[in-house]
Trainee: 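The structure is given below, and queries will be raised subsequently.
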There are 2 protein chains.
Amino acid sequence: MNIGQASAASGVSAKMIRYYEGIGLIPMAGRTEAGYRVYTAADVNTLRFVRRARDLGMPIERIRLLVGLWQDRARSSGDVKRIALEHVSELRTKIAELTAMCEALEGLAHACHGDHRPDCPILEDLEAGGRQARTRAGRRRRVDADQGVSSEAA
Amino acid sequence: MNIGQASAASGVSAKMIRYYEGIGLIPMAGRTEAGYRVYTAADVNTLRFVRRARDLGMPIERIRLLVGLWQDRARSSGDVKRIALEHVSELRTKIAELTAMCEALEGLAHACHGDHRPDCPILEDLEAGGRQARTRAGRRRRVDADQGVSSEAA
DNA sequence: CTTGACCTTCCCACGATGGGAAGCCCCATG
DNA sequence: CATGGGGCTTCCCATCGTGGGAAGGTCAAG
């Protein structure tokens, strides 16, 4: 099996297969006399394992641990579960960060009338460093200078 | 104002201030005779604006647009809002991706007894490419080979 | 034998940030 | 005035995972 075929069979690009080999995530593939890499069905299995772990958002180093456990007959599932839950925890943290950003920006966008006039709570908030906006609960005043076209920012 | 003072006042590292100047996100700072960058209060305002936008997770190119609108007296708030909502949309997409990963892995971790034995649904799923696991609803069978210490994966 | 598709290695790029080296500048203290 | 420490300058490198592309070798079909 060529690298191209292994790539098609595993869903991992040839470029990435070489990279994974280079960093020692997967064992070095065999070679033909001409220097072409050769892959077995077991190699493709490993590549699929890696790809699935990547799909779950895991960084390479965590995958390296999992591959090690996967190939360790004497592993304990507790170790695997610990790594998985560690990743779940990081995912949750990331989700919370993004959600906070999203909600803050949604609040600002909601307060912006979004028409042809330059007056814009979004820019005002960015300018003020989000201080007033987060002191209370989203928008700090009831868009009072709503008619004033001239009260711009910078 | 030195770059160090501008950094402290804006919350943007000196390294990043130079970088932002280098990529043209902020205008080139003035210089003393000795070549030191000099910053005004207005420059610090711009830096704070950028930092706040970064805190909302915006990539530099989007911030570049916003800075342009911010300094454009004739801007329309609709343009600002459109950019903001575009970013909200991308944040939501990212959150959805991470949530999907998180739930998938949580389901697998939940199905894993996490003890000293090697039998592990997490590794089995990674090996199988998540096919069986997602066909139904999380775990595909009721951990039936629970006592079998020998039914390992690779 | 030619041609086109594939493989090889090597370098570069991204995006945003930090680290660090080599060298110059400024100020304060002795 | 000299010296030292800290701040400034530029330049290079690293991250992390991925893709692009060049230059050259190989393989299989026509």
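For the numbers below, each heavy atom of this structure counts, side chains included, while hydrogens, waters and symmetry mates do not. Reminder, nothing fancy here: chain letters follow the sequence lines and each chain counts from 1.
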Trainee: Any idea which heavy atoms bring B/R64 and B/G24 closest together, and the distance?
Mentor: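 So the two residues come closest at NH1-O, 3.3 Å.
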Trainee: Applying side-chain hydrogen bond (donor to acceptor under 3.5 Å, both in side chains) as the test, list every pair that has at least one member in residues 1-10 of chain A; sequence neighbours left out.
Mentor: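 Output for this query is empty, none listed.
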Trainee: Which pair of heavy atoms, one from B/K81 and one from A/A109, lies closest together, and at what distance?
Mentor: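 Smallest heavy-atom distance, with atoms named: CE-O, 3.1 Å.
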Trainee: Can I get a per-line list of side-chain donor-acceptor pairs under 3.5 Å for residues 99-108 of chain A, giving both atom names and the distance, sequence neighbours left out?
Mentor:
from   : atom 1 : to    : atom 2 : distance (Å)
A/T99  : OG1    : A/I95 : O      : 2.7
A/E106 : OE2    : B/R92 : NE     : 3.0
A/E106 : OE2    : B/R92 : NH2    : 2.2

Trainee: What pairs meet the side-chain hydrogen bond (donor to acceptor under 3.5 Å, both in side chains) rule with one or both residues in residues 27-44 of chain A, with sequence neighbours excluded?
Mentor: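 Those involving residues 27-44 of chain A are A/E21-A/R37, A/T40-A/D43.
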Trainee: Using whole Å, report how far NZ of A/K94 lies from P of D/dC16.
Mentor: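 So the two atoms are 14 Å apart, to the nearest Å.
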Trainee: Could you tell me whether the phosphate oxygens of C/dG18, OP1 or OP2, come under 4.0 Å of any side-chain nitrogen or oxygen in B/R18?
Mentor: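 Negative; the distance criterion is not met.
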Trainee: Using a cutoff of under 3.5 Å, can you pull out all pairs of nitrogen or oxygen atoms linking the protein to nucleotides 14-16 of chain C, with atom names and distances?
Mentor:
from   : atom 1 : to    : atom 2 : distance (Å)
C/dA16 : OP1    : B/I60 : N      : 2.7
C/dA16 : O3'    : B/R54 : NH2    : 3.0

Trainee: Indicate the atoms forming the closest heavy-atom contact of B/L66 with B/I83, along with that distance.
Mentor: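 Smallest interatomic distance, heavy atoms only, reads CD2-CG2, 3.9 Å.
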Trainee: Encode nucleotides 20-25 of chain D as B, S and - characters from 5' to 3', where the letter depends on protein heavy atoms closer than 4.0 Å: B to the base, S only to sugar-phosphate, - to neither.
Mentor: BB---B
Trainee: Just report the end-to-end axis angle for the helix from C/dC1-D/dG30 to C/dG30-D/dC1, five pairs per end, to 10 degrees.
Mentor: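 What I find for the helix from C/dC1-D/dG30 to C/dG30-D/dC1 is an axis angle of 30°.
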Trainee: If you compare all heavy atoms of A/I60 against all heavy atoms of A/Y20, which two are closest, and at what distance to 0.1 Å?
Mentor: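 Residues A/I60 and A/Y20, closest heavy atoms: CD1-CE2, 3.6 Å.
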Trainee: Please state whether the phosphate of D/dG19, meaning OP1 or OP2, lies under 4.0 angstrom from any side-chain nitrogen or oxygen of A/S13.
Mentor: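 Yes, because at least one side-chain N or O of A/S13 sits under 4.0 Å from OP1 or OP2 of D/dG19.
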Trainee: Through direct or indirect side-chain contacts below 4.5 angstrom among Ile, Leu, Val, Met, Phe, Trp and Tyr, which residues connect to A/V38?
Mentor: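 Besides A/V38, the hydrophobic cluster comprises nothing; the residue is isolated.
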Trainee: Just jot down the side-chain contact (heavy atoms from CB on, under 4.5 Å) partners of A/S77, sequence neighbours excluded, or say none.
Mentor: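 By the side-chain contact (heavy atoms from CB on, under 4.5 Å) rule, A/S77 matches B/C112, B/H113, B/D115, B/C120.
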Trainee: In chain order, what residues pass the side-chain hydrogen bond (donor to acceptor under 3.5 Å, both in side chains) check against A/R54, with sequence neighbours excluded?
Mentor: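 side-chain hydrogen bond (donor to acceptor under 3.5 Å, both in side chains) list for A/R54, sorted by chain: empty.
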Trainee: Taking side-chain hydrogen bond (donor to acceptor under 3.5 Å, both in side chains) as the test, write out the residues that go with A/S13, two or more places apart.
Mentor: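 Partners of A/S13 by the side-chain hydrogen bond (donor to acceptor under 3.5 Å, both in side chains) criterion come out as none, since no residue qualifies.
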Trainee: Determine: side-chain N/O of A/N2 to OP1/OP2 of C/dC6, distance under 4.0 Å, yes or no.
Mentor: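 For C/dC6, neither OP1 nor OP2 has a side-chain N or O of A/N2 closer than 4.0 Å.
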Trainee: OP1 or OP2 of D/dT9 less than 4.0 angstrom from a side-chain nitrogen or oxygen of B/R37, does that happen here?
Mentor: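 Checking B/R37 against D/dT9: at least one side-chain N or O falls below 4.0 Å of OP1 or OP2.
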Trainee: With sequence neighbours excluded, tell me which residues meet side-chain contact (heavy atoms from CB on, under 4.5 Å) with B/P59.
Mentor: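 B/R62, B/H87.
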Trainee: For A/I63 and D/dC16, what is the distance between atoms CD1 and P respectively, to the nearest whole Å?
Mentor: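 The answer, rounded to whole Å, is 13 Å.
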Trainee: Strictly below 4.0 Å: does A/R62 bring a side-chain N or O up to OP1 or OP2 of D/dG17?
Mentor: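 So the side chain of A/R62 is outside the cut-off, no N or O lying under 4.0 Å from OP1 or OP2 of D/dG17.
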Trainee: Among residues 3-12 of chain B, which ones have heavy-atom contacts with DNA chain D below 4.0 Å?
Mentor: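 Heavy-atom cutoff 4.0 Å gives B/I3, B/G4.
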Trainee: Is it true that B/R75 and B/D79 have a side-chain N and a carboxylate O under 4.0 angstrom from each other?
Mentor: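 Between B/D79 and B/R75 there is no salt bridge, as every charged N stays at least 4.0 Å from the carboxylate O atoms.
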